[in-house]
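Below: one structure, written as structure tokens.
Atom set for the values below is all heavy atoms of this structure, side chains included, hydrogens, waters and symmetry mates excluded. By convention in this document, chain letters (A, B, ...) are assigned in the order of the sequence lines, proteins followed by strands, and residues within each chain are numbered from 1.
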Amino acid sequence: MADMTLTLKIWRQKDRKSPGKFVTYTVENVSEHMSFLEMMDVLNEQLIKKGEDVVEFDNDCREGICGMCSLVINGRPHGQEHGTATCQLHMRKFKDGDIIVVEPWRAAAFPVLKDLAVDRTAFDRIMAAGGYTSINVGGAQDANAIPIAKRASDEAMDAASCIGCGACVAACPNASASLFVAAKISQLALLPQGQIERRRRAANMVAQMDKEGFGDCSNHAECEAVCPKEISITHIARMKREYFKAMALGE
Amino acid sequence: MPALPTSLWSSVARKALMALTGLALIGFLAVHLLGNLILLTGNADAFNLYSNIYASMGSFLYVIEAGLVAFFLIHIVSGVTVALGKMKARPVSYEKTANAGGPSRKTISSTTMIYTGIIVLAFLVFHVTTLKYGAHYETTIHGEKMRDLHKLIIENFAQPGIVVTYVLTMLLLGFHLRHGFWSAFQSLGALQPRLSGLIYTIGVLIAIILAVGFLFIPLWIFLTA
Ligand code: HEM
Ligand code: SF4
Ligand code: FES
């Protein structure tokens, strides 16, 4: 297939405080084998040659494991592909002549730093509020020393695959962080190592989520549909049960 | 150790309150509809005797009514909080939005809950003022004097404007319940992937039964009068 020429409508914002606006760019010579981020690199090289400010966007691993990439592409966080991050989205999903609108995650709790890069440290603060187990590190013990039911380990593994990208917040009509927080609470609630701080964890992480200014969960389930790891809202149901237990029983 | 920072007004507990009050209101609607089906028999005495059961409950009726009002208030206040919180949580809206499809439950129902809710509320004010606090006719059945609510209802449902209002609002209530029933179970943490589809289907059926049931009565009375 011949190379594509695309029109990009990209959100440009100088910094946290400045108001942003859309700027339209044309990118030529886009190969269908490129990833979306590589296409953005092509655009930025064009801008550098013209002496213009490059479009800022977050990325790191470019293989769907770090959770750094973002971008709302034509209204969908991580693009139209299910179960992939923006870095795994290929340009073969687009056609020559397409107009693509590229926006940052939009949420009060994720302020724009510059252009398409947002500040996701709200997630770090939620993790610091309880997304850990307090275990003194000793010599590494045998991996099979603690028996864990297959079903529990499978579900915990599903939850643990959350890469903390924040697409769930971006997709939610309410900008709720429920799927992320639920994945983190669920992962540890399912494992023996997570039992000690189980109720305190649920209470603290939900309290921090509310404090960060994320919206409420209206059960639209858009989060599950855009999550690059396809994390199920069944984990949100578990988070609720964990919270109710914390409310009813305390520590 | 400090107490856990849980609160009845946290995002999780608040939605549980919404869900519990919402489900209770669905229960109320079901009983209300069953009673109203007597209207379809065209037997005025039977309906008046039925509504007189409530009228003769005395102070117990106030307890029921106070409970109902409290449930509505909790549901409304938490619903408005969700809707306002949503605006605060996303001050800059997207240029382009698209439904993600797949496992998403985002529908016209789920995104308009606050609007369908507010319209139902406005309708309820109208409904209660025109019927419960409407004209007081009297009738005597088996030697007992009681309110002739049947006559008032027939009078009301002879007016096309009122019938159209009922029909339209009940359709919107159906949309509210289509998302609401399933959503309540998820808010209560009761859903598993295995049950999700089934509960959603049951919710759609309940929404259809209640909406069609309630809109059919005024329509039928209007058409057969
Ligand atoms: C008979 C009347 C009503 C019934 C049976 C009913 C039922 C329900 C149910 C079952 C839910 C789902 C709860 C959940 O998501 O956990 C719900 C949600 C909701 N209701 Fe109602 N409702 C009624 C009236 C109202 C009224 C008068 C309002 C007025 C504001 C309202 C506003 C809402 C809103 C905004 C939601 C969505 C909450 C969210 O997005 O998270 N409802 N309703
Ligand atoms: S739950 Fe999914 S969408 Fe949300 S942060 Fe984790 S990986 Fe990203
Ligand atoms: S860049 Fe690491 S997940 Fe996309």
Please rank [options] by heavy-atom pairs under 4.5 Å with chain B and give me the top one.
options                                    : answer
Gly20(A), Ser232(A), Ser218(A)             : Ser218(A)
Val112(A), Val226(A), Ile233(A), Val169(A) : Ile233(A)
Ala207(A), Pro173(A), Ser178(A), Pro104(A) : Pro173(A)
Val101(A), Ile236(A), Asn74(A)             : Asn74(A)
Gly215(A), Ala108(A), Ala107(A)            : Ala108(A)
Val206(A), Thr234(A), Asn219(A)            : Asn219(A)

Considering all heavy atoms, the nearest Ser10(B)-Tyr243(A) contact: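 Result for this residue pair: OG-OH, 2.9 Å.
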Need one label for [X]: side chain, backbone, both or neither, based on atoms under 4.5 Å from any heavy atom in chain B.
X         : result
Phe244(A) : side chain
Asn204(A) : both
Cys223(A) : neither

Report, as yes or no, whether the 6.0 Å neighbourhood of atom [atom1] on [X] holds more than 12 heavy atoms from other residues, nucleotides or ligands.
X         : atom1 : result
Tyr115(B) : OH    : no
Leu68(B)  : CG    : yes
Ile108(B) : CD1   : no
Tyr166(B) : OH    : yes
Phe214(B) : CZ    : yes
Met157(A) : CE    : no

Shorter than 4.5 Å, heavy atoms on both sides: which option in [options] has the most such pairs with chain A?
options                                  : result
Pro5(B), Gly85(B), Ala16(B)              : Pro5(B)
Leu191(B), Thr81(B), Thr97(B), Asn99(B)  : Asn99(B)
Pro91(B), Ser109(B), Ser93(B), Ser110(B) : Ser110(B)
Gly102(B), Ser11(B), Ala83(B)            : Ser11(B)

Ionic contact status for Arg14(B) with Asp216(A), cut-off 4.0 Å: yes
Basic-acidic side-chain contact under 4.0 Å: Lys96(B), Glu103(A): no
Indicate yes or no: at least one non-hydrogen side-chain atom of [X] is less than 4.5 angstrom from one of [Y].
X         : Y         : value
Glu224(A) : Ser104(B) : no
His220(A) : Thr107(B) : no
Arg106(A) : Arg90(B)  : yes
Arg199(A) : Thr6(B)   : no
Val82(B)  : Asn174(A) : yes

[X] side chain to [Y] backbone, donor-acceptor under 3.5 Å:
X         : Y         : value
Tyr94(B)  : Ala170(A) : yes
Glu251(A) : Leu4(B)   : no
Lys15(B)  : Cys217(A) : yes
His82(A)  : Gly101(B) : no

Engaged part of Leu8(B) at the chain A interface, taking heavy atoms whose separation is under 4.5 Å: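 For Leu8(B), heavy atoms of backbone and side chain both lie under 4.5 Å from chain A.
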Segment of Lys88(B) engaging chain A (4.5 angstrom heavy-atom cut-off):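 Only the backbone of Lys88(B) comes within 4.5 Å of chain A.
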Pairing residues for Gln186(B) by the side-chain hydrogen bond (donor to acceptor under 3.5 Å, both in side chains) criterion, not counting sequence neighbours: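 Listed in chain order: nothing, the list is empty.
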Steps toward side chain to side chain contact (heavy atoms under 4.5 Å, CB included) verdict (Val72(A), Glu95(B)): CA-CA 10 Å; Val72(A) 174; Glu95(B) 167 85 1; over 6 Å; no
